[in-house]
Amino acid sequence: MSNFTVNGVYSYTSANIYSYLGRVPTSNAALKEAFREFGIAPTGNESDLKRLKNAMYREYSEQVREQIDNQNSQKQNVPWAGILSQIGIQPTGDYEKDYEAFNNAIQLLSQSAIDGQAMAYFAGLRSEAQRIFGSYSPSDQQVQTFYQFEKEHLS
C-alpha cells in the first residue's frame with residue numbers, strides 16, 4: 001500500500017483512494033490535478049476523496065444526460081419524425097425500424113377505420129410516408145451516420 005501526497009502536505013493511502021474512486025492515480029500530480037479539476041480543496045481527510053468521487057459522479061451523470069438529450073433531439077430531427085408523431089410513434093432514428101413501425105401502425109389503424117374520412121386520412125398518411133421514406137434509404141449518409149452514432153453510444 002502506498003501513500004499519495006498532494007501539495008506536499010496532504011496524504012491519502014492508495015487503499016482509501018481505490019475504495020472511493022475505484023482506481024488509483026498514476027502519480028501524486030495526477031491526484032492533485034483531479035482535486036484541482038473538480039474544485040476540491042485537499043485537507044488530508046478521507047472526506048476529500050468522498051467529495052472528489054461525488055464531483056466526478058455528477059460530471060459523468062451530466063455528460064450521460066447530455067448525450068441522451070442530444071440523441072433524443074437527433075431522433076426528432078430525422079425526416080420521418082413528423083409523420084410518425086402523427087400516429088403516436090416515437091422515432092428511433094433507425095430507418096428500417098421506423099419504417100416498419102409506421103407500416104404496422106398504419107395497417108392496424110386503417111383496418112379499424114370505419115368511415116371514409118378516416119380511410120382518406122390514413123391513405124394520405126401512407127402517401128406522405130412513401131414520399132418521406134422513399135426519398136431516403138438506409139444507405140443515405142445522414143441515416144448511416146446517425147445509425148452509427150446510436151450504435152456506438154447505446155450499445
Side-chain angles (χ1 to χ4, degrees), residues 1-109 121 125-126 128-155:
M1 178 167 55
S2 59
N3 285 335
F4 286 81
T5 305
V6 177
N7 296 337
V9 178
Y10 307 112
S11 183
Y12 306 91
T13 66
S14 58
N16 278 347
I17 294 170
Y18 184 81
S19 71
Y20 281 99
L21 305 180
R23 62 182 181 260
V24 177
T26 57
S27 66
N28 291 335
L31 182 60
K32 179 181 178 180
E33 176 59 23
F35 278 121
R36 187 201 61 73
E37 181 180 337
F38 291 97
I40 308 296
T43 65
N45 280 323
E46 203 172 300
S47 63
D48 300 344
L49 298 172
K50 184 176 183 177
R51 288 195 318 271
L52 181 59
K53 176 188 120 190
N54 290 338
M56 292 170 86
Y57 179 79
R58 268 192 312 278
E59 181 177 290
Y60 174 74
S61 295
E62 288 172 13
Q63 289 173 354
V64 169
R65 194 173 312 113
E66 212 172 277
Q67 283 180 335
I68 290 170
D69 290 346
N70 287 340
Q71 176 197 3
N72 287 339
S73 72
Q74 286 179 346
K75 286 179 185 177
Q76 298 303 317
N77 291 334
V78 293
W80 53 86
I83 190 91
L84 292 180
S85 69
Q86 290 183 46
I87 58 173
I89 298 175
Q90 288 290 329
T92 67
D94 181 309
Y95 174 90
E96 292 168 353
K97 285 181 184 177
D98 287 347
Y99 190 52
E100 182 179 352
F102 174 83
N103 284 328
N104 291 339
I106 203 73
Q107 182 179 4
L108 289 172
L109 290 168
Y121 176 72
L125 286 178
R126 267 198 181 111
E128 186 179 349
Q130 284 296 98
R131 183 184 59 75
I132 293 170
F133 280 103
S135 65
Y136 290 85
S137 70
S139 63
D140 283 344
Q141 184 61 40
Q142 179 185 5
V143 174
Q144 286 298 327
T145 301
F146 177 78
Y147 177 74
Q148 188 62 34
F149 171 85
E150 184 179 55
K151 187 176 173 184
E152 289 171 2
H153 291 89
L154 290 180
S155 298

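Everything numeric here is computed off the predicted structure, so don't read it as measured data. These values consider heavy atoms only, across backbone and side chains, with no hydrogens, waters or symmetry-generated copies.
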Review point. Where do Q107 and F102 land on the side-chain contact (heavy atoms from CB on, under 4.5 Å) test, with the steps shown first?
Key: CA-CA 8 Å; Q107 182 179 4; F102 174 83; over 6 Å; no

Review point. When rounded to the nearest 0.5 angstrom, what is the spacing between NZ in K53 and CZ in R58?
Key: 11.5 Å

Exercise for review: Examine distances only and state if a side-chain atom of T13 and a backbone atom of N16 form a donor-acceptor pair shorter than 3.5 Å.
Suggested key: yes

Check your understanding: What's the shortest heavy-atom distance between P91 and V78, and which atoms?
Key -> CB-CG2, 4.1 Å

Exercise for review: For a side chain to side chain contact (heavy atoms under 4.5 Å, CB included) with Y12, tell me which candidate from V6, N28, N3 qualifies.
Suggested key: V6

Study note, to complete from the structure: When rounded to the nearest 0.5 Å, the distance separating CZ of R51 from CE of M56 is 14.5 Å

Check your understanding: Can you tell me how far the CD1 atom of I106 sits from the CD atom of E128, to the nearest 0.5 Å?
Key -> 10.0 Å

Point to revise | Check: F35 and L49 side chains under 4.5 Å, non-hydrogen atoms | key: yes

**Study point:** Over all atoms of both residues, closest heavy-atom pair of A55 and I40
**Key:** CB-CD1, 4.4 Å

**Study point:** S2 side chain to S14 backbone, donor-acceptor under 3.5 Å
**Key:** no

Check your understanding: When you look at CD of E100, are more than 12 heavy atoms from neighbouring residues, nucleotides or ligands closer to it than 6.0 Å?
Key -> no

Practice item. Ignoring hydrogens and angles, state whether a donor on the side chain of Y20 or E46 is under 3.5 Å from an acceptor on the partner side chain. Key: yes

Practice item. Return yes if a side-chain donor-acceptor contact under 3.5 Å exists between D98 and T92, otherwise no. Key: yes

Review point. Which atom names give the shortest non-hydrogen contact between F4 and T26, and what distance separates them?
Key: CE2-C, 4.5 Å

Check your understanding: Ion pair present between R65 and E62, side-chain N to carboxylate O less than 4.0 angstrom?
Key -> no

Review point. Who passes side chain to side chain donor-acceptor pair (under 3.5 Å) against T43, sequence neighbours left out?
Key: D48

Review point. What distance do I87 atom CD1 and L109 atom CG have between them, rounded to the nearest 0.5 Å?
Key: 6.0 Å

**Study point:** Euclidean distance, I17 CD1 relative to L31 CG, rounded to 0.5 Å
**Key:** 5.0 Å

Review point. Does T5 reach the main-chain N or O of G8 with its side chain, forming a donor-acceptor pair under 3.5 Å?
Key: no

Review point. Centroid-to-centroid, W80 to Y95, below 6.0 Å?
Key: yes

**Study point:** Value rounded to 0.5 Å, distance of CG in N7 from NZ in K32
**Key:** 4.5 Å

